[in-house]
Participant: 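Quick one: the structure is below, questions incoming.
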Amino acid sequence: MTPILSVRSLTKSYGRIIGCLDVSFDLYPGEVMGIVGESGSGKSTLLNCTSGQLAPDIGQVVFDTRGDGPRDTLTMSEPERRMLSRTDWAFVHQNPRDGLRMAVSAGGNVGERLMATGARHYGNIRAEAEDWLGRVEIDAARIDHRPATFSGGMQQRLQIARNLVTGPRLVFMDEPTGGLDVSVQARLLDLLRGLVHRHRLSAIVVTHDLAVVRLLADRLMVMKDGHVVETGLTDQVLDDPQEAYTQLLVSSVLQV
Amino acid sequence: MTEQGYNFAYLDEETKRMIRRAILKGVAIPGYQVPFASREMPMPYGWGTGGVQVTAATLMPEDTLKVIDQGADDTTNAVSIRRFFEKTAGVRTTTDTREASIIQTRHRIPETQLTDDQILVYQVPIPEPLRFLEPRETETRKMHALEDYGLMHVRLYEDIAQHGRIARAYAYPVRVEDRYMMDPSPIPKFDNPKLESRALQLFGAGREQRIYALPPYTRAVSLDFEDYPFEASRANQCCALCGCTKSYLDEIVTDDVGGRMFVCSDTDYCRRRVENAA
């Protein structure tokens, strides 16, 4: 099977400070990979380099495109990369304000990617937006409300709908549940798990919340100081950590 | 030299050359905003400094100039710009659209069809159609370069969602020759179909330092949705002076008890219709 995304020796430094160093991994279709680590361990740098928001110093990010098979996204032209980032890719920001247009209604937010890829029929765009609001459990009556009037959890769900509307195959998530209270987190995770399963999405989830990866991720990558210190199946890494740092990380979780 | 000691049409020759280069580039790439080194003009920004500079650079001694402001030849802005060029260039001026070789306009296209030996110069306040959607210039330039225009449709979508129709009535964006998105300056959308014209159309934005152009017979398509097509709207009335039912109308409040009348916004067109009827 061809990996949907294959990252090779990705390195990014900020002057003398290392963002991430020599990271390689493969992601297969339908697989969800979690990246955990403390703040400053390079997980966001890795995510941004992989999703094309940041240019790495060295490395390859090979994506299995629909049209011409595996291609290095770093050597693609800007229009191609933009097209990719609004069709086959999706990026869910930690703060929904970064991923949504707060001055545009919920329907407009969901419809933006459709219109950017050439949809020009208002009725169809609106129907699609309504459908997706339903899938992320937002009342269709709120389609014309601005996201500023939504609760934090709703905003995050709206951001997910906005990203998934064009049927992407690869989703990048940066702390998707950060800043939400636990009951809302639980519902959001439930929803994400359902969507990932139903649409057979591949996803990379960056988080420092081990509970999130246990629920969502099939495979886990633990990072520290820009290095990958441990990889493996999620249950295996969390239940039987090998590296000292991973052991510390796992044992630091509060048991309630 | 004119008698007041100004160089012909106020600007020095080097400046005019610089502006002409920008105009030529604009004509070569229809709808593309060409940056130019806009000069201080002896009038405040917002009074047509961009249009005046373009007019000054295209004006020849044998030209006949007409200046309109919202269609009218007799409003402050139109009168002062016309006097400005009478004084600094000594060119003939007119109010008759058919006689003019250069027409500087603020926010209207004349009702009379223009010919291929005329130039229409627009005064533009904000040349960037995406500005209120994306405040960063670096980003809007990139969007133009990559033809990334989905955002404008988001705005039209919002209009329909809120008002049930595309509510934008002026400065209605057009796509030029399937390439650049262009702000036609704040003309009413009634005028949009007239953008596909026989005359050369030049757009000057003084404060924003941009010049762009629509060469004759260039396609300029107003954006819309398949199920909400573009409509060139006008007040559903006839002109109280000339009885015209096809022209763009101004609504004028005549007293403070609710009295109002609709008259042609193009004063020259209206006057000629009244004279012909008499």
Side-chain angles (χ1 to χ4, degrees), chain A residues 52-53 55 76-87 89-90 98-130 132-133 138 140-149 158-159 161-163 165-166, chain B residues 29 32 126 128-168 172-181 189 192 219-231 233:
Chain A
Q53 311 204 1
M76 271 185 186
S77 67
E78 177 89 28
E80 284 178 304
R81 211 165 24 229
R82 273 210 177 195
M83 200 57 194
L84 205 57
S85 71
R86 68 163 74 102
T87 52
W89 287 6
D98 297 335
L100 291 172
R101 288 189 192 279
M102 300 306 280
V104 168
S105 71
N109 264 295
V110 178
E112 181 176 344
R113 275 169 78 114
L114 293 171
M115 290 182 250
T117 48
R120 292 291 180 264
H121 191 283
Y122 175 82
N124 295 353
I125 294 168
R126 201 169 167 82
E128 188 91 348
E130 263 174 28
W132 268 97
L133 288 184
I138 294 175
R142 303 207 62 178
I143 189 167
D144 292 331
H145 295 198
R146 293 184 174 187
T149 66
L158 179 62
Q159 195 195 174
R162 169 187 159 89
N163 270 292
V165 67
T166 47
Chain B
I29 319 171
Y32 172 72
I126 311 276
E128 179 52 73
L130 302 162
R131 178 59 67 236
F132 293 108
L133 303 165
E134 172 54 65
R136 289 165 296 177
E137 174 72 13
T138 47
E139 193 56 32
T140 52
R141 280 202 205 186
K142 205 183 260 179
M143 290 161 81
H144 281 296
L146 301 175
E147 293 185 62
D148 190 358
Y149 293 140
L151 203 50
M152 190 54 91
H153 271 91
V154 174
R155 176 170 220 177
L156 300 182
Y157 169 95
E158 289 289 287
D159 261 12
I160 301 174
Q162 281 173 27
H163 308 289
R165 69 199 158 83
I166 299 176
R168 170 164 270 225
Y172 195 100
V174 293
R175 191 81 186 267
V176 179
E177 288 289 340
D178 286 328
R179 180 58 185 88
Y180 284 99
M181 188 183 293
K189 69 176 169 185
N192 266 26
R219 217 148 41 85
V221 179
S222 307
L223 303 184
D224 58 3
F225 285 104
E226 285 157 17
D227 45 347
Y228 285 85
F230 170 80
E231 256 177 281
S233 59

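Proteins come first, then strands; the chains are lettered A, B, ... in the order of their sequence lines, and each starts at number 1.
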Participant: With chain A as the partner, which of B/Met152, B/Lys142, B/Gln162, B/Arg155 has the greatest number of non-hydrogen pairs under 4.5 Å?
Facilitator: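 Maximum pair count with chain A is reached by B/Lys142.
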Participant: With a cut-off of 6.0 Å (strictly less than), are more than 12 heavy atoms of other residues, nucleotides or ligands near CD of B/Glu231?
Facilitator: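 It does not: B/Glu231 CD has 12 such atoms or fewer within range.
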Participant: Does B/Glu158 use its side chain to pair, donor to acceptor, with the backbone of A/Ser105 at less than 3.5 Å?
Facilitator: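 Pair found, side chain donor or acceptor close to backbone of A/Ser105.
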Participant: Quick one: of B/Val154, B/Asp148, B/Asp227, who has the most non-hydrogen atom pairs under 4.5 Å with chain A?
Facilitator: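 Highest number of heavy-atom pairs under 4.5 Å: B/Asp227.
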Participant: Specify the closest pair of heavy atoms between B/Phe225 and A/Tyr122, including all atoms of both residues, with the distance to one decimal.
Facilitator: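 Closest pair (atom of B/Phe225, atom of A/Tyr122, distance): CD2-N, 3.8 Å.
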Participant: Under the side chain to side chain contact (heavy atoms under 4.5 Å, CB included) criterion, do B/Tyr157 and A/Arg126 qualify, and how do the steps go?
Facilitator: CA-CA 9 Å; B/Tyr157 169 95; A/Arg126 201 169 167 82; 3.2 Å; yes
Participant: Going from CZ on A/Arg120 to CD on B/Glu226, what distance comes out if it is rounded to the nearest 0.5 angstrom?
Facilitator: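 It is 9.0 Å, given to the nearest 0.5 Å.
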Participant: Looking at B/Ala161 and A/Asp144, what are the two nearest heavy atoms and their distance?
Facilitator: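 Answer, listing the atom of B/Ala161 first, then A/Asp144: CB-OD1, 3.5 Å.
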Participant: When rounded to the nearest 0.5 angstrom, what distance separates CG in B/Leu156 from CE in A/Met115?
Facilitator: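 Answer for the CG-CE pair, B/Leu156 versus A/Met115, is 8.5 Å.
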Participant: Let me know if B/Leu146 has heavy atoms under 4.5 Å from chain A in its side chain, its backbone, both or neither.
Facilitator: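 Only the side chain of B/Leu146 comes within 4.5 Å of chain A.
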Participant: Quick one: which of A/Ala116, A/Ala103, A/Gly108 has the most heavy-atom pairs under 4.5 Å with chain B, could you say?
Facilitator: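 Highest number of heavy-atom pairs under 4.5 Å: A/Gly108.
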Participant: A/Ile143 versus chain B, heavy atoms under 4.5 Å apart: side chain, backbone, both or neither?
Facilitator: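 It is the side chain, since no backbone atom gets that close.
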Participant: Quick check on the interface: out of A/Glu112, A/Met83, A/Arg113, who has the most heavy-atom pairs with chain B under 4.5 Å?
Facilitator: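 Among the listed options, the one with the most contacts to chain B is A/Glu112.
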Participant: Would you please test A/Arg101 and B/Leu151 for side chain to side chain contact (heavy atoms under 4.5 Å, CB included) and show each step?
Facilitator: CA-CA 11 Å; A/Arg101 288 189 192 279; B/Leu151 203 50; 3.3 Å; yes
